[in-house]
Number of protein chains: 2
Amino acid sequence: MVDDPPPYFQAHIFVCTNRRPDGHKRGSCAAKGSEALRDYMKARAKELGIPGIRVNSAGCLDRCEFGPTLVIYPEGIWYRPQTREDVDEILATHLQGGGRVERLMLTDKDRV
Amino acid sequence: MVDDPPPYFQAHIFVCTNRRPDGHKRGSCAAKGSEALRDYMKARAKELGIPGIRVNSAGCLDRCEFGPTLVIYPEGIWYRPQTREDVDEILATHLQGGGRVERLMLTDKDRV
């Protein structure tokens, strides 16, 4: 087997932008403002000049109850940012600093 | 720093379903049939009972010229399936077998 290609993106971020009808019992990330947070994250990542990063929209990531949710690959770390300041902290601490924003991370216990 | 949580999904697949207007010079994955391939992959993964797998839609993954494209994380391997048979091969060889479908992989040279 040949070697795997090098990573195409150094940090590939998927922000759930699934929207369910108002009043759905699981809620949805878009109903909790995920689209605006995605737009902000994408713009700020560009402004900061973080290399090799891509911020994508994704369909339902199936952790709706904890949304708005996003996941950062390849490390597979999940976050639930609520505000622009939360996004700023993820960009600075995780994506620029290589650390973790523990207060915003989903853990193994965050499942339904 | 605490340990990272275990992976929430063992295989997290993102299929680009971005659609551009007909005639756009970059083309788009949806215009090349990616939505039907996503639906098929999702259904077949369930039928096969592959554990810990999730097949998601994603916005533009920015490799449109090689689409339909998908990426499998955490390993970060990209494929360009054209047919249901291609999807079957990715499911069997990569996701069940832990191998690679080299003829369908995007490489580091597949960039614009």
Side-chain angles (χ1 to χ4, degrees), chain A residues 1-19 29-30 34-35 38-39 41-42 52-63 66 69-80 93-94 97-112, chain B residues 1-19 29-30 34-35 38-39 41-42 52-63 66 69-80 93-94 97-112:
Chain A
M1 195 159 86
V2 297
D3 289 341
D4 286 341
Y8 191 73
F9 297 119
Q10 300 306 311
H12 203 168
I13 303 168
F14 295 91
V15 181
C16 178
T17 56
N18 188 49
R19 182 178 292 278
C29 291
S34 67
E35 293 160 317
R38 173 209 55 200
D39 291 346
M41 189 172 206
K42 192 168 183 172
I53 191 174
R54 183 152 184 98
V55 180
N56 267 116
S57 300
C60 177
L61 298 176
D62 206 26
R63 303 183 86 174
F66 312 102
T69 58
L70 63 82
V71 57
I72 303 175
Y73 282 110
E75 55 267 55
I77 300 296
W78 294 67
Y79 288 109
R80 46 178 164 193
T93 301
H94 186 125
R100 301 290 182 262
V101 186
E102 290 180 24
R103 69 179 184 86
L104 299 175
M105 279 172 67
L106 292 189
T107 72
D108 197 38
K109 293 175 183 168
D110 293 317
R111 47 180 77 226
V112 287
Chain B
M1 196 159 85
V2 298
D3 289 342
D4 285 341
Y8 191 73
F9 296 119
Q10 300 306 311
H12 203 168
I13 303 167
F14 294 91
V15 182
C16 178
T17 55
N18 188 49
R19 182 179 293 278
C29 291
S34 68
E35 293 161 317
R38 172 208 55 200
D39 291 345
M41 190 172 205
K42 191 168 183 173
I53 189 175
R54 183 152 183 100
V55 180
N56 266 117
S57 299
C60 179
L61 298 176
D62 206 26
R63 302 182 86 175
F66 311 103
T69 58
L70 63 83
V71 57
I72 303 175
Y73 281 109
E75 55 268 55
I77 300 297
W78 294 67
Y79 288 109
R80 47 178 163 194
T93 302
H94 187 124
R100 301 289 182 262
V101 185
E102 290 178 24
R103 70 178 184 86
L104 299 175
M105 280 171 68
L106 293 189
T107 73
D108 197 38
K109 293 175 184 169
D110 294 316
R111 49 180 76 227
V112 287

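What's counted below: heavy atoms across the whole structure, side chains too, no hydrogens, waters or symmetry copies. Since the structure is predicted, the reported quantities are computational estimates derived from the model, not experimental observations. A, B, ... follow the sequence lines: proteins, then strands. Residue 1 opens every chain.
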Visitor: At a heavy-atom separation under 4.5 Å, does B/Asp108 approach chain A through its side chain, its backbone, both, or neither?
Guide: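 Backbone plus side chain of B/Asp108, per the 4.5 Å heavy-atom cut-off to chain A.
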Visitor: Ignoring hydrogens, what is the shortest heavy-atom contact between B/Pro5 and A/Thr107? Give both atom names and the distance.
Guide: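 Heavy-atom minimum between the residues: CG-CA, 4.2 Å.
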Visitor: Holding to side-chain hydrogen bond (donor to acceptor under 3.5 Å, both in side chains), I want the full list of residues that pass it with B/Asp39, two or more places apart in sequence or in another chain.
Guide: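 Residues passing side-chain hydrogen bond (donor to acceptor under 3.5 Å, both in side chains) with B/Asp39: none at all.
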Visitor: If you count heavy-atom pairs under 4.5 Å with chain A, which of B/Lys109, B/Arg54, B/Met105 comes out on top?
Guide: B/Arg54
Visitor: Once the angle between the rings of A/Trp78 and B/Tyr8 is folded into 0 to 90°, is it parallel (under 30°), tilted (30 to 60°) or perpendicular (over 60°)?
Guide: perpendicular
Visitor: Quick one: what part of B/Cys60 sits under 4.5 Å from any heavy atom of chain A, side chain, backbone, both or neither?
Guide: both
Visitor: Measure distances from A/Leu61 to the heavy atoms of chain B and classify the residue's part below 4.5 Å as side chain, backbone, both or neither.
Guide: both
Visitor: Which region of B/Arg63, side chain (C-beta onward) or backbone (N, CA, C, O), has a non-hydrogen atom less than 4.5 Å from a non-hydrogen atom of chain A, or is it both or neither?
Guide: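 Just its side chain gets close to chain A.
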Visitor: Of the backbone (N, CA, C, O) and the side chain (C-beta and beyond), which part of A/Asp110 lies under 4.5 Å from a heavy atom of chain B, both, or neither?
Guide: backbone
Visitor: Of all residues at least two apart in sequence or in a different chain, which pass the side-chain hydrogen bond (donor to acceptor under 3.5 Å, both in side chains) check with A/Tyr73?
Guide: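 Once residues adjacent in sequence are excluded, the partners of A/Tyr73 under the side-chain hydrogen bond (donor to acceptor under 3.5 Å, both in side chains) criterion are B/His12.
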Visitor: Among the options B/Gly76, B/Pro7, B/Ser57, pick out the one with the most heavy-atom pairs lying under 4.5 Å from chain A.
Guide: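 Most pairs with chain A among the choices: B/Ser57.
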